[in-house]
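Quick notes on the structure that follows.
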Amino acid sequence: MTVAKTETKEFQAEVKQLLDIVIHSLYTEKEIFLRELISNSADALEKFRHKQLTTDDVFDKDAPLEINIGFDEEAKTLTITDSGIGMTKEEMEKNLGTIAHSGSKSFFTELAENAKDDVNIIGQFGVGFYAAFMVAKKVTVQSRSYAPDSQGCEWISEGVGSYTLADCDGLHRGTKIILELSEDNEDYASEYEIKRIIKQYSNFVSFPIKITGEAVNTVQAIWAKTKSDIKDEEYNEFYKFISNAMDEPLTHLHFTADAPLAIKSLLFVPKDNFETLGFGRMDPGVSLYCRKILIEQDSPNILPEWLRFVKGVVDSEDLPLNISRQALQDNALVAKLSKIITSRFLKHLNKLAKKKPEEYETIWKTFGIFLKEGATSDFTHRDAIAKLLRFESSKSEPGKQIPLAEYVERMGEDQKDIYYINGPNRDAIEAGPYLEAFKKNDIEVIYTMEPIDDFVFSHMGEFTGKKLVSADRADIELPKDDKDEKEPEDKLDSAVADTLIKWMKDTLGDKKVKEVISSSRLVDSPAIIVNPDGMFTSSMERIMSATNQDHQASVKNLEINTSHELIRGLADMRTKDEDFAKSVAEQIYDNALIQAGLMVEPRNMVDRSYAILSRALNK
Ligand code: ADP
């Protein structure tokens with residue numbers, strides 16, 4: 001082997017920073033360097049296998065597809081060799097001198113921020129090739145591309161600032177990485193240690209990993225095996241392998257079908273929701289195979305976007321092997337596959353919810369937000385998702401969430417709709433005016449406590465044929481618990497009430513209220529804001545105003561309780577001191593807005609309420 005024409009090049013600035021973190025901060029779990037290098041070799045072998053499908057014109061045609069690991073306990077070196085696709089000089093410069101891969105880039109920024117000590121998180125992202133510098137003081141990469149007339153090349157670096165590149169003759173196809181281990185890491189030049197690490201992290205790599213000619217990994221596609229032949233530990237190991245996780249999954253689904261499509265699939269729900277942990281949007285985690293050959297790693301085409309937290313493998317022999325990424329996107333077969341697998345997965349969750357409710361509860365608490373995203377965006381699976389939703393309600397124990405079906409079961413015979421109301425928490429909802437009428441008539445109300453919830457219900461529209469109706473709608477007609485209910489005795493005389501209502505409407509004006517109405521739903525509160533058009537709930541309006549400055553909230557109705565002493569007092573005050581009565585009317589309106597969770601201009605409101613308080617004290 002001869003090496004010639006050495007050039008020295010600087011690493012890109014981001015690579016220098018990343019190397020600095022890799023060398024100085026990542027003390028824990030150093031052994032993942034091997035996983036990273038083996039996984040690069042496996043990728044390179046997969047890419048080569050794909051090339052072979054379309055061309056015979058490749059260098060070293062008969063070299064077996066495998067990874068070989070060698071070490072020299074004397075010289076303290078470790079060598080990882082693959083017969084994969086290899087790299088040209090230009091590719092080496094680009095791949096090993098810059099960070100182009102978005103995964104590595106986001107890992108790098110996030111790692112710097114908040115994950116330095118979290119092994120699980122580091123594992124999930126991976127630092128790729130640069131992990132070699134966690135254990136090596138010098139790394140040599142020799143590579144020869146699969147292209148028949150390519151020139152071999154050698155890359156050498158000590159991981160600080162620069163690297164050298166030179167032509168290198170006499171190489172086989174693929175890539176050889178030689179690590180000169182640093183003093184603290186010399187233990188890795190041991191067969192025993194290397195075997196242990198491979199078993200732990202790389203057991204399921206789909207090419208043989210050989211040490212002195214003997215394969216040490218279990219090369220098998222466990223998704224293609226019969227369920228009864230697989231132990232739970234094997235499922236867990238496989239999960240850890242595909243998702244670089246250190247912990248166990250919450251559930252798995254191993255599913256095979258012959259018709260209408262031949263499918264073998266193995267899906268996992270991980271333990272953590274990395275999006276809520278502040279790690280940005282997750283990438284899809286299910287890879288697509290055809291007869292155990294990888295078609296697309298972490299495919300965005302196989303599951304809908306809202307299932308991006310699921311990890312696993314889908315294998316279908318009906319797929320054409322050499323399909324391009326572009327073609328995958330518009331392929332009708334892939335769309336059908338996606339639909340079948342999504343339905344099957346949702347069915348699995350539903351079954352789990354029935355058979356092992358505690359296990360489902362954990363999944364719901366961790367990933368429920370994704371199901372809600374699905375309910376707002378995926379019409380095809382909406383009904384199946386709806387069965388999996390969980391909410392608290394006025395009849396659930398505090399903190400316990402129930403399925404909508406349980407609500408429906410409890411509905412009275414003459415109750416047609418399902419009612420819900422939004423609020424920041426259970427106490428706030430129960431203290432507000434919206435529940436009064438429901439309590440009085442013993443009607444259950446679902447509590448929607450997350451911002452997305454009202455959008456979910458508004459997209460769903462109904463559940464098992466029952467309309468989903470927000471309790472802040474103006475036109476609610478509740479089935480009465482007591483049909484012969486008497487009018488409260490202290491109710492305002494209807495002529496007085498009518499005059500007061502007209503006066504309040506004029507006082508507040510068209511911009512604030514569409515109508516003022518005598519309420520039939522209030523018991524203890526003087527007034528309530530309700531939505532006349534029923535399009536958006538107050539909670540939705542609040543979110544839309546917060547996210548879009550141009551959003552014009554619709555004009556609401558104000559219902560007043562003509563039996564309430566404040567309203568009766570107002571009717572009286574109007575005739576004695578109209579200016580003061582106006583202040584009180586405006587304050588009642590603002591208070592009702594606050595209870596509806598709608599923004600109130602605080603300055604005017606506070607000044608006005610001080611004026612009212614002063615007057616009360618001076619009486
Ligand atoms: P990632 O694997 O996440 O893309 P890495 O830093 O590990 O990031 O590797 C960068 C690139 O270098 C890879 O995308 C691949 O193109 C190339 N590469 C790394 N190792 C090998 C290898 N053994 N054979 C061929 N190409 C490789």
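Atoms considered below: every heavy atom in the structure, side chains included; atoms not considered: hydrogens, waters and symmetry mates. Start at 1 and go down the list; that is how both ligands and their atoms are numbered.
No cation-pi contact links Arg308 to Phe370, judged by a cut-off of 6.0 Å to the six-membered ring centre and 45° from its axis.
Val310 and Val286 make their closest contact through O-CG2, 3.5 Å (heavy atoms, listed as atom of the first residue, atom of the second, distance).
Counting heavy atoms from C-beta outward, Ile38 and Phe207 have side chains that stay 4.5 Å or more apart.
Proximity of Thr175 to ligand 1, defined as any heavy-atom pair under 4.0 Å, is confined to the side chain (atoms from C-beta onward). Contacts between Asp82 and ligand 1 below 4.0 angstrom, taking non-hydrogen atoms only, involve the side chain exclusively.
Remark: ligand 1 and Tyr130 share no N or O pair separated by less than 3.5 Å (distance only, no angle test). For ligand 1, the polar-atom distance check against Phe129 finds a nitrogen or oxygen pair separated by under 3.5 Å. Close N/O approach between Asn95 and ligand 1 is found [any backbone or side-chain N/O within under 3.5 Å].
To the nearest 0.5 Å, atom NZ of residue Lys51 and atom CD1 of residue Ile85 are 5.0 Å apart. The CG atom of Leu78 sits 12.5 Å away from the CD atom of Glu186 when rounded to the nearest 0.5 Å.
Here atom 19 (C) of ligand 1 lies nearest to Asn40 when heavy atoms of Leu37, Thr81, Asn40 are compared.
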